[in-house]
Visitor: 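To start, I am sharing the structure in question, which I have written as structure tokens.
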Amino acid sequence: MPELPEVEVVRRGLERHVLDATIVDAEVFTGRSIRRHLPGAPDFVDRVRDRTLTAARRRGKFLWLALDDDAALLAHLGMSGQLRVQPPGTPDELHLRIRFRLDDGRELRFVDQRTFGSMAVSAGGAILPSELAHIAPDPFEAGYDEDAVVDAMRRRRTNVKRALLDQSLISGVGNIYADEALWVARLHYARPTATLRRAEARRVLAAVREVMTAALAVGGTSFDALYVGVDGERGYFTRSLEAYDRAGEPCSRCGSPIRRDRFMNRSSFTCPRCQPRPRRPHW
DNA sequence: GCTTGCGCCTGAATGC
DNA sequence: TGCATTCAGGCGCAAG
């Protein structure tokens, strides 16, 4: 379940291992994995063949490799996607979806069990692929304007967790870091955004940056050598989580058992004492 | 125009 | 033991 910190780790790995490499050929094994590349697999392969990778960039959970013709090889890892750089002769992974052969014999591989992830080639999108026009800047981008996010959030007629997960408002936050940030900020997920005081909105956005920065500091040390990837088992969320997936365990602040609710068709974890459910009406 | 809900997908975990 | 069901999650799009 890669969110922004995990995707950033992958981006850094790509920057380190495949920059300046040239793709000599590609194979698409699963059409669904390039469903966002509307012209289809033969076109996808044509557009990456003989292209040199000139930069590795990211916005929120999307990342892309700039190509030397100003196009971009765009990737979203979805829930289970991995990008791996493998030496020649490495056996194919069970869920290998796309293979890129590099000019030095290594392969860049897109591996994705659940196929919620995808890749595409965006023409002329080396700086910012047009597919990402509707994705808001993430909290670590130069163009991120936290005051503007505070204002936009308070104008929404929704609740604070839904707002955090809305990639058109702020990008890179998924279910896990949303719960962690809300715990740090002591806000309940169902709190209507329209009732947030400015200071509360600022508090939760600061918490988003805080939990992601901490995760990145740990995640950045978990990957090395000849592969870059998000490993579902290890390296990911080895850092201690305060709320997410801790149902029944004591809150580290007050000792109350963490509670799990079904919310928005997904799990939400809160401390019932530190994050009391908003009374309504709430002004 | 904005908000909400669903479908996509596979393997692990759980239930009977 | 074995089969069936539930769950996990982000995104895009349709419906409200």
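Predicted model, so just to flag it, every value in this text is computed and none were measured. Below, chains carry the letters A, B, ... as their sequence lines are ordered, and counting in each starts from 1.
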Visitor: Excluding sequence neighbours, so at least two apart, what forms salt bridge (Lys or Arg N to Asp or Glu O under 4.0 Å) with R58(A)?
Guide: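 For R58(A) the salt bridge (Lys or Arg N to Asp or Glu O under 4.0 Å) partners, ignoring immediate neighbours, are E8(A), D138(A).
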Visitor: Could you name each residue pair satisfying ring pair (Phe, Tyr, Trp, His ring centres under 6.0 Å) that touches residues 58-84 of chain A, not counting sequence neighbours?
Guide: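 The answer is F62(A)-H76(A).
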Visitor: Given 3.5 Å as the limit, does a donor-acceptor pair link the side chain of T193(A) with the main chain of T158(A), or not?
Guide: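 It does hold such a pair.
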Visitor: Whole Å only: how far is the CD atom of E6(A) from the P atom of dG10(C)?
Guide: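 Going from CD in E6(A) over to P in dG10(C) covers 11 Å.
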Visitor: Taking N or O atoms only and anything under 3.5 Å, show me the protein contacts with nucleotides 12-14 of chain C, one pair per line.
Guide:
{"unit_1": "dG12(C)", "atom_1": "OP1", "unit_2": "R36(A)", "atom_2": "NH1", "d": "3.4"}
{"unit_1": "dG12(C)", "atom_1": "OP2", "unit_2": "H134(A)", "atom_2": "NE2", "d": "3.2"}

Visitor: For S118(A), report the nucleic acid contact type (base, sugar-phosphate, nothing); a contact means any heavy atom under 4.0 Å.
Guide: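 The residue S118(A) makes no contact with any strand.
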Visitor: In whole angstrom, give the distance that lies between atom CG of D179(A) and atom P of dA8(C).
Guide: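 Rounded to the whole Å, the gap is 12 Å.
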Visitor: List the residues meeting salt bridge (Lys or Arg N to Asp or Glu O under 4.0 Å) with R209(A), not counting sequence neighbours, and say none if there are none.
Guide: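 With neighbours one apart ignored, the set is E146(A).
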Visitor: According to ring-ring contact (aromatic ring centres under 6.0 Å, His included), who are the partners of Y144(A), at least two apart in sequence or on a separate chain?
Guide: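 Once residues adjacent in sequence are excluded, Y144(A) has no partner under the ring-ring contact (aromatic ring centres under 6.0 Å, His included) criterion.
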Visitor: May I have the distance from M264(A) (atom CE) to dT3(B) (atom C1'), rounded to whole angstrom?
Guide: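 After rounding, the reported distance stands at 11 Å.
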Visitor: Whole-Å distance between dG1(B) P and R155(A) CZ?
Guide: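 Roughly 16 Å, once rounded to whole Å.
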Visitor: Under a single-linkage rule joining Ile, Leu, Val, Met, Phe, Trp and Tyr whose side-chain heavy atoms are separated by less than 4.5 Å, which residues share a cluster with L38(A)?
Guide: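 Result for L38(A) is none, singleton.
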Visitor: OP1, OP2 of dA8(C) versus side-chain N and O of R266(A): anything below 4.0 Å?
Guide: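 Checking R266(A) against dA8(C): no side-chain N or O falls below 4.0 Å of OP1 or OP2.
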Visitor: Which part of the nucleic acid, if any, lies within contact of G174(A), taking any heavy atom under 4.0 Å across all strands shown: a base, the sugar-phosphate backbone alone, or nothing?
Guide: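 Touches sugar-phosphate only.
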Visitor: With sequence neighbours excluded, what pairs up with R47(A) under the salt bridge (Lys or Arg N to Asp or Glu O under 4.0 Å) test?
Guide: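 Partners of R47(A) by the salt bridge (Lys or Arg N to Asp or Glu O under 4.0 Å) criterion, ordered by chain and then number, come out as D43(A).
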Visitor: Rounded to whole Å, how long is the line connecting atom CG of L164(A) with atom P of dC11(C)?
Guide: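 Result: 14 Å.
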Visitor: Kindly say whether R154(A) contributes a backbone atom to a donor-acceptor pair with the side chain of R198(A) at under 3.5 angstrom?
Guide: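 Looks like no, no N/O pair under 3.5 Å.
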Visitor: Ignoring the backbone of T158(A), work out which of dC11(C), dT4(B), dC7(C) is nearest its side chain.
Guide: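 In terms of side-chain proximity for T158(A), the closest of dC11(C), dT4(B), dC7(C) is dT4(B).
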Visitor: How sharply is the helix from dC2(B)-dG16(C) to dC16(B)-dG2(C) bent, taking the axes over five pairs at either end and rounding to 10 degrees?
Guide: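 The angle, to the nearest 10 degrees, is 60°.
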Visitor: Once each nucleotide of nucleotides 5-12 of chain B is scored for protein heavy atoms under 4.0 Å, what B/S/- sequence comes out, 5' to 3'?
Guide: SS-BBBS-
Visitor: Measure the distance from CG on L74(A) to P on dC11(C) and round it to the nearest whole Å.
Guide: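 Taking atom P of dC11(C) as the reference, CG of L74(A) is at 12 Å.
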Visitor: When you measure from the side chain of R59(A) to the backbone of I135(A), do you find a donor-acceptor pair of N or O atoms at a distance under 3.5 Å?
Guide: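 A pair under 3.5 Å: yes.
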Visitor: Could you list the residues that satisfy ring-ring contact (aromatic ring centres under 6.0 Å, His included) with F269(A), not counting sequence neighbours?
Guide: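 For F269(A) the ring-ring contact (aromatic ring centres under 6.0 Å, His included) partners, ignoring immediate neighbours, are Y244(A).
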Visitor: Residues in salt bridge (Lys or Arg N to Asp or Glu O under 4.0 Å) with R101(A), at least two apart?
Guide: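 With neighbours one apart ignored, the set is E27(A), E107(A).
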Visitor: Rounded to the Å, how far apart are L63(A) CG and dC11(C) P?
Guide: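 Nearest whole value for this atom pair: 12 Å.
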Visitor: Who clusters with F29(A)? Use side-chain heavy atoms, under 4.5 angstrom, across I, L, V, M, F, W and Y, and order the result by chain and number.
Guide: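 For the cluster that includes F29(A), the remaining residues are L96(A), V111(A).
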Visitor: In whole angstrom, give the distance that lies between atom CG of D166(A) and atom P of dT3(B).
Guide: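 D166(A) atom CG is separated from dT3(B) atom P by 8 Å.
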